[in-house]
K.L.:
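Starting off with a structure, shown below.
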Number of protein chains: 2
Amino acid sequence: MSAKRNLIRSGTTVDQMVRAISDRIVTGFLRPGEKLDEASLAARFDVSRTPIREALSRLSAMGLVERRPNRGATVAVMTQEHLASMFESMAELEAICARFSAERMTAGERRTLEAEHQASARFVQLGAEEEYELFNTGFHTRLYRGAHSKHIYELTVMTRSRLAPFRRAQFMLPGRLAQSWQEHDAIVTAIMRGDSTAAGTAAKDHVSIVSEASAVFAIGDRAKGKAEPFPTSAS
Amino acid sequence: MSAKRNLIRSGTTVDQMVRAISDRIVTGFLRPGEKLDEASLAARFDVSRTPIREALSRLSAMGLVERRPNRGATVAVMTQEHLASMFESMAELEAICARFSAERMTAGERRTLEAEHQASARFVQLGAEEEYELFNTGFHTRLYRGAHSKHIYELTVMTRSRLAPFRRAQFMLPGRLAQSWQEHDAIVTAIMRGDSTAAGTAAKDHVSIVSEASAVFAIGDRAKGKAEPFPTSAS
DNA sequence: GCCGGAGCAATTGCATACACTTTTTGCCTC
DNA sequence: GAGGCAAAAAGTGTATGCAATTGCTCCGGC
């Protein structure tokens with residue numbers, strides 16, 4: 001085993017490969033539609049083809065790469081339509097979670113949700129984007145858990161993780177923090193009232209706005225033709 | 001390659017293994033929580049461990065088996081709560097598809113949907129369960145496609161496939177065929193009118209009823225302990 | 001008698017070698 | 001010169017062997 005890889009402390013080799021390849025995909029180092037040759041990847045990361053194959057399987061399940069039998073794997077092409085479709089799905093899923101949360105959250109869950117939400121106002125005042133983003137993730141996770149439906153939770157988390165790369169830049173928009181907080185407030189208020197319809201609507205609107213904000217960035221990124229902003233390691 | 005396996009007509013070895021293992025899981029031959037030893041499975045099906053490993057990966061992604069690093073795979077335990085949660089999700093997803101279909105289906109899609117639906121009345125009159133089940137799958141698929149949202153489609157199909165084993169027996173209930181057709185009719189009518197709210201509600205109700213019907217069977221099936229109804233090929 | 005650690009067996013993870021499928025390239029024919 | 005077929009090359013799919021991790025058992029100490 002190469003000494004190099006020992007330094008990258010982490011779990012199994014497959015996990016490392018999954019991370020390594022998905023990183024290169026979401027950062028654009030590997031372009032959509034690009035062919036992923038098993039042997040090359042294996043050589044590139046100094047492992048055998050076996051863990052590469054398994055990593056590609058997992059990435060395929062995640063939707064980051066496409067695999068066709070006997071024809072190898074390619075980086076999944078995320079068309080603008082598909083991206084829109086995923087945000088749309090995300091809005092519907094969040095709406096479901098919010099509705100269910102309004103109906104099913106325990107008193108304790110409601111208290112925690114509201115408390116954390118109120119606490120996050122501080123980050124808005126300070127303009128602490130990092131911290132707010134961290135809180136934001138937790139807030140939504142709470143919402144998903146509050147639905148008390150394991151499968152809905154899984155679907156939602158999966159969709160969110162697939163959208164993650166396209167959401168990164170949203171808080172760079174001026175005033176987005178405060179607006180986000182207001183939207184959260186509408187959701188929390190509805191949930192505290194037990195008003196599932198209002199909670200659903202608020203959640204859907206929240207995602208829709210994020211969607212628009214992100215789409216601008218995602219597409220802007222592409223359109224600008226930022227083709228080579230990455231360290232072309234080795235080759 | 002053993003001549004035996006050549007007779008089992010199908011794609012790659014991994015596909016066969018996925019089918020074989022998932023069959024044994026959904027039919028109860030492999031019980032929930034049971035350990036899935038790679039070597040044993042490989043010997044059992046007369047293949048090497050490699051395709052078995054990949055099959056287990058896929059089944060894990062499907063949610064049929066659980067895998068822990070260095071600890072092997074076990075048949076996923078599907079609690080009654082989780083099953084209920086999945087049917088609930090299915091109802092919500094179908095509702096979304098129906099709503100979107102009511103809003104977005106093209107004139108052609110609407111025509112086809114209605115035509116096929118009307119044609120299926122014949123299967124009900126004849127009591128042709130096999131044919132109706134086949135049509136039924138197509139009907140729902142049309143609904144999912146009609147939503148014109150690739151990601152929603154994927155989520156819905158995925159959830160449906162995970163529920164498939166628990167739905168098989170539903171049409172064995174007396175009068176279920178006619179009732180199913182009536183429910184479909186409500187959905188189709190709403191979609192033809194472009195009434196998304198009504199379509200969503202009708203679709204949700206439809207799944208809820210299927211859910212109740214299936215739950216009875218699923219649990220009954222297990223309790224009866226149908227352990228050995230399968231052609232134990234070889235060995 | 002119970003708890004803890006070291007050694008051993010069993011099983012998973014990774015590497016390499018071989019087989020089969022697909023694709024490309026070059027040659028032959030029209 | 002263009003089209004098609006065939007053979008080779010490239011790349012995926014499967015098998016097998018070895019390394020590494022886990023869990024168990026057995027022995028020793030408290």
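In the text below, chain A, chain B and the rest are named by the order of the sequence lines, each starting its count at 1.
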K.L.:
Does B:Lys204 pair with B:Glu92 as a salt bridge, N-O distance under 4.0 Å?
P.N.:
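Salt bridge: yes.
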
K.L.:
Please state how far atom CG in A:Asn70 lies from atom P in C:dT21, giving the value in whole angstrom units.
P.N.:
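Taking CG of A:Asn70 and P of C:dT21, I get 7 Å after rounding.
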
K.L.:
Students often get this wrong, so: under 4.0 angstrom with heavy atoms, is A:Arg68 touching a base, only sugar-phosphate, or nothing?
P.N.:
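Result for A:Arg68 = nothing.
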
K.L.:
Expressed as a whole number of angstroms, how long is the span from B:Lys35:NZ to C:dT11:P?
P.N.:
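Checked: the NZ to P distance equals 6 Å.
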
K.L.:
Where the side chain of B:Thr13 meets the backbone of B:Pro51, is there a donor-acceptor pair that is under 3.5 Å apart?
P.N.:
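Flag not set: sc B:Thr13 to bb B:Pro51 has no pair under 3.5 Å.
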
K.L.:
Verify the contact: side-chain N or O of A:Thr50 to OP1 or OP2 of C:dC14, cut-off strictly under 4.0 Å; return yes or no.
P.N.:
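False: A:Thr50 side-chain N/O out of range (4.0 Å or more) of C:dC14 OP1/OP2.
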
K.L.:
Once you round it to whole Å, what is the distance between P of D:dG13 and CG of B:Asp15?
P.N.:
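Taking atom P of D:dG13 as the reference, CG of B:Asp15 is at 10 Å.
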
K.L.:
Answer yes or no: are there more than 12 heavy-atom neighbours, outside B:Arg104 itself, under 6.0 Å from its atom CZ?
P.N.:
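Counting neighbours around CZ of B:Arg104, more than 12 heavy atoms of other residues, nucleotides or ligands fall under 6.0 Å, so yes.
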
K.L.:
Rounded to the Å, how far apart are A:Glu38 CD and C:dT16 C1'?
P.N.:
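So the two atoms are 14 Å apart, to the nearest Å.
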
K.L.:
Write down the distance between CG (A:Asp46) and C1' (C:dC14), rounded to a whole number of angstrom.
P.N.:
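Atom CG in A:Asp46 sits about 12 Å away from atom C1' in C:dC14.
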
K.L.:
Considering just the side-chain nitrogens and oxygens of B:Arg67, establish if one lies under 4.0 Å of OP1 or OP2 belonging to C:dG13.
P.N.:
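Indeed, a polar side-chain atom of B:Arg67 lies that close.
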
K.L.:
When the distance from CZ of A:Arg53 to P of D:dA15 is rounded to whole Å, what number comes out?
P.N.:
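Between P of D:dA15 and CZ of A:Arg53: 12 Å.
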
K.L.:
Checking the side chain of B:Arg145 only, and the main-chain atoms of B:Tyr153 only, is there a donor and an acceptor separated by less than 3.5 Å?
P.N.:
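No, the answer is negative, given that no donor and acceptor are paired below the 3.5 Å cut-off.
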
K.L.:
Spell out yes or no: do the side chain of A:Arg71 and the base of D:dG13 have one donor N/O and one acceptor N/O closer than 3.5 Å?
P.N.:
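Counting by modelled atom types and ignoring angles, no donor-acceptor contact under 3.5 Å is found here.
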
K.L.:
Is a donor-acceptor contact shorter than 3.5 angstrom present between the side chain of B:Thr12 and the base of D:dT14?
P.N.:
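For B:Thr12, whose side chain was compared with the base of D:dT14, there is no donor-acceptor pair (under 3.5 Å).
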
K.L.:
Go through A:His184 and A:Phe139 one step at a time and tell me if the ring-ring contact (aromatic ring centres under 6.0 Å, His included) criterion holds.
P.N.:
CA-CA 9 Å; A:His184 283 187; A:Phe139 177 83; 4.0 Å; yes

K.L.:
Determine whether a donor-acceptor pair (one donor, one acceptor, N or O, separation below 3.5 Å) exists between the side chain of A:Arg49 and the base of D:dG13.
P.N.:
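It does, because a donor-acceptor pair links the side chain of A:Arg49 to the base of D:dG13 below 3.5 Å.
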
K.L.:
Tell me the interatomic distance from B:Ile52, atom CD1, to D:dT16, atom P, rounded to whole angstroms.
P.N.:
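For the pair B:Ile52 CD1 and D:dT16 P, the rounded distance is 13 Å.
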
K.L.:
Tell me: CG of B:Asp37 to C1' of D:dT22, nearest whole Å?
P.N.:
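Value for this atom pair: 14 Å.
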
K.L.:
With nearest nucleotide decided by heavy atoms, which residue, A:Ser48 or A:Pro69, maps closer to the 5′ end of DNA chain C?
P.N.:
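By nearest-heavy-atom nucleotide position, the 5'-most residue is A:Ser48.
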
